[in-house]
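For reference, the structure is listed below as structure tokens.
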Protein chains: 2
Amino acid sequence: MDRLKILVVDDESRMRKLVRDFLVKNNFEVLEAEDGEQAVDIFFQKKDIALIVLDVMMPKMDGWQVCREIRAYSKVPIIMLTAKSDERDELQGFELGVDEYISKPFSPKILVARIEAILRRTNQMENNEILSCGGIEVNKAAHQALIDGEEIELSYKEFELLTYFVENRGIALSREKILNNVWNYDYFGDARTIDTHVKKLRSKMGSKGDMIKTIWGVGYKLEE
Amino acid sequence: MDRLKILVVDDESRMRKLVRDFLVKNNFEVLEAEDGEQAVDIFFQKKDIALIVLDVMMPKMDGWQVCREIRAYSKVPIIMLTAKSDERDELQGFELGVDEYISKPFSPKILVARIEAILRRTNQMENNEILSCGGIEVNKAAHQALIDGEEIELSYKEFELLTYFVENRGIALSREKILNNVWNYDYFGDARTIDTHVKKLRSKMGSKGDMIKTIWGVGYKLEE
DNA sequence: ATAAGTATGTCAAATTTGTGAAACCATACT
DNA sequence: AGTATGGTTTCACAAATTTGACATACTTAT
């Protein structure tokens with residue numbers, strides 16, 4: 001199995017090295033960012049970051065801001081490193097959806113333990129997750145889609161698109177929204193490519209293809 | 001921007017005051033109810049309550065009952081205040097769709113933080129709210145309109161127009177106002193075009209079409 | 001009665017979507 | 001390296017839908 005990617009964001013290289021060494025020893029793959037902007041860039045470029053370790057105090061863009069930007073698109077677990085445990089900060093972090101706090105100075109062992117606990121928790125939740133909706137079943141972990149119990153062969157993008165539809169069943173999705181979520185957020189191609197993929201998806205889904213409704217002037221919707 | 005309304009339900013006035021003061025300080029508008037009946041009344045009278053803080057132990061109608069009655073019609077977020085964290089109660093609340101638990105005694109700061117977290121979550125999630133008015137139901141997220149529970153097919157503009165009517169039910173709307181809100185603000189076409197759309201809407205709404213009243217010399221109004 | 005406002009049916013123009021083919025691109029295989 | 005393969009994107013045109021204007025009929029207020 002692949003090693004899980006962890007993004008470590010801190011402006012101090014010494015701190016990054018400390019954390020990285022420990023995480024690598026514990027069989028994680030580590031990516032580093034030295035400021036908030038870099039962090040956001042890397043996060044949206046690589047789409048398979050499993051967890052983020054984020055320092056609060058940073059130049060340019062602080063940890064809270066990074067958190068907000070990422071939370072606008074993703075539920076990836078975030079661990080915040082704070083200088084001291086300050087109630088106000090914790091409250092702000094809670095609102096932003098921070099999963100865990102660790103105040104400096106901390107023991108690397110504790111950090112690894114918390115990371116593993118969080119990953120165990122979130123993987124457990126998402127692993128056995130089979131999304132289903134009206135005869136469509138999507139198993140994200142297995143990257144497999146079933147229609148009425150029978151597997152259909154989908155390409156990568158088709159699968160991602162179907163997953164996005166199932167996750168947002170019943171909701172009208174604009175092409176812009178689909179592009180931002182299924183494609184990379186910095187994709188600047190033609191939005192009509194969605195039409196092509198929808199067409200293929202529909203045909204591969206056979207009779208269930210009708211479940212993807214066109215909403216004229218808006219986009220598409222998977223019928224509930 | 002308007003302040004969000006929060007309904008605080010507790011039989012102890014001291015507790016209500018405590019919560020209210022804190023919420024007002026945090027820029028919420030607070031409505032109070034001292035028992036379950038009042039709570040339900042107020043909730044259905046005011047139609048724009050953003051969240052409910054609900055005490056479990058109350059005379060007349062307890063928190064669970066209030067929760068059930070409200071959940072029958074609305075998905076408004078509910079935070080339950082419990083005397084002690086009791087596992088059985090938490091399970092019951094989970095089934096009833098309680099969003100969050102806070103056990104007394106609690107820190108007002110935590111309460112505010114949780115409220116804001118929930119509001120952010122639900123507001124961002126999608127405005128999955130369903131506007132309804134006399135047999136008309138409009139689901140903005142799904143881009144779907146129901147008349148007496150049955151879906152009617154509307155074009156983009158028709159849907160926007162109906163939504164605008166429902167959002168401003170009972171209010172006389174001039175053509176100019178409608179143009180500015182449903183059409184782009186830089187639309188300089190003929191205001192008579194609204195008549196055409198109103199006509200189509202009325203016909204698609206069947207018997208409920210009468211609910212859109214003509215106000216001679218002014219514009220239109222959706223009857224409450 | 002008359003003038004001003006509104007309802008309704010029709011229709012051409014504009015917009016949006018469906019579709020198939022072709023171009024492009026990355027990857028694995030010979 | 002060259003080639004085959006399959007996925008992805010673009011493009012052009014056809015098909016479908018929406019939309020706003022207009023003409024005519026109708027209603028209301030004075």
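Here the structure is a predicted model, which means the values were calculated and not measured. Atoms considered below: every heavy atom in the structure, side chains included; atoms not considered: hydrogens, waters and symmetry mates. First the proteins, then the strands, lettered A, B, ... as listed; each starts at 1.
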For [X], all residues meeting side chain to side chain donor-acceptor pair (under 3.5 Å), sequence neighbours excluded:
X      : answer
A:Q65  : A:R68, A:E69
B:E160 : none
A:E32  : A:R16, A:R20
A:K204 : A:E158

Identify which nucleotide among C:dG5, C:dG18, C:dT8 has an atom closest to any side-chain atom of A:R202, counting heavy atoms from C-beta outward.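 So the nucleotide nearest the side chain must be C:dG18.
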
Quick one: list whatever passes salt bridge (Lys or Arg N to Asp or Glu O under 4.0 Å) with A:D148, sequence neighbours left out.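 Partners of A:D148 under the salt bridge (Lys or Arg N to Asp or Glu O under 4.0 Å) test: A:K208.
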
Sub-4.0 Å heavy-atom contacts from residues 211-224 of chain A onto DNA chain D, ordered by number: A:W216

Atom [atom1] of [X] to atom [atom2] of [N]: distance rounded to whole Å?
X      : N      : atom1 : atom2 : result
B:D190 : C:dT8  : CG    : P     : 17 Å
A:K204 : C:dT19 : NZ    : P     : 16 Å
B:D195 : C:dA4  : CG    : P     : 17 Å

Respond yes when some side-chain nitrogen or oxygen of A:R192 is under 4.0 Å from OP1 or OP2 of C:dT16, and no when none is. no

Can I get a per-line list of side-chain donor-acceptor pairs under 3.5 Å for residues 216-224 of chain B, giving both atom names and the distance, sequence neighbours left out?
{"unit_1": "B:Y220", "atom_1": "OH", "unit_2": "B:R175", "atom_2": "NH2", "d": "3.3"}

Lys/Arg-Asp/Glu bridge criterion (N-O < 4.0 Å) met for A:K25, A:D21: no

Nearest non-hydrogen partners of B:V98 and B:C67, listed with the distance: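 Nearest pair, atom of B:V98 first, then B:C67: CG2-SG, 3.9 Å.
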
Sorted by chain and number, sequence neighbours left out, side chain to side chain contact (heavy atoms under 4.5 Å, CB included) with B:S174 holds for B:E176, B:K177

In short, salt bridge (Lys or Arg N to Asp or Glu O under 4.0 Å) pairs touching residues 51-66 of chain A with sequence neighbours left out are A:D35-A:K60, A:D55-A:K104

Boundaries of the DNA chain D segment in contact with chain A, non-hydrogen, under 4.0 Å: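 Nucleotide range in contact with chain A: D:dG7 to D:dT18.
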
Protein-nucleotides 9-12 of chain C N/O pairs closer than 3.5 Å?
{"unit_1": "C:dG9", "atom_1": "OP2", "unit_2": "B:K199", "atom_2": "NZ", "d": "3.0"}

Non-neighbouring partners of B:F43 that pass ring pair (Phe, Tyr, Trp, His ring centres under 6.0 Å), sequence neighbours left out: none

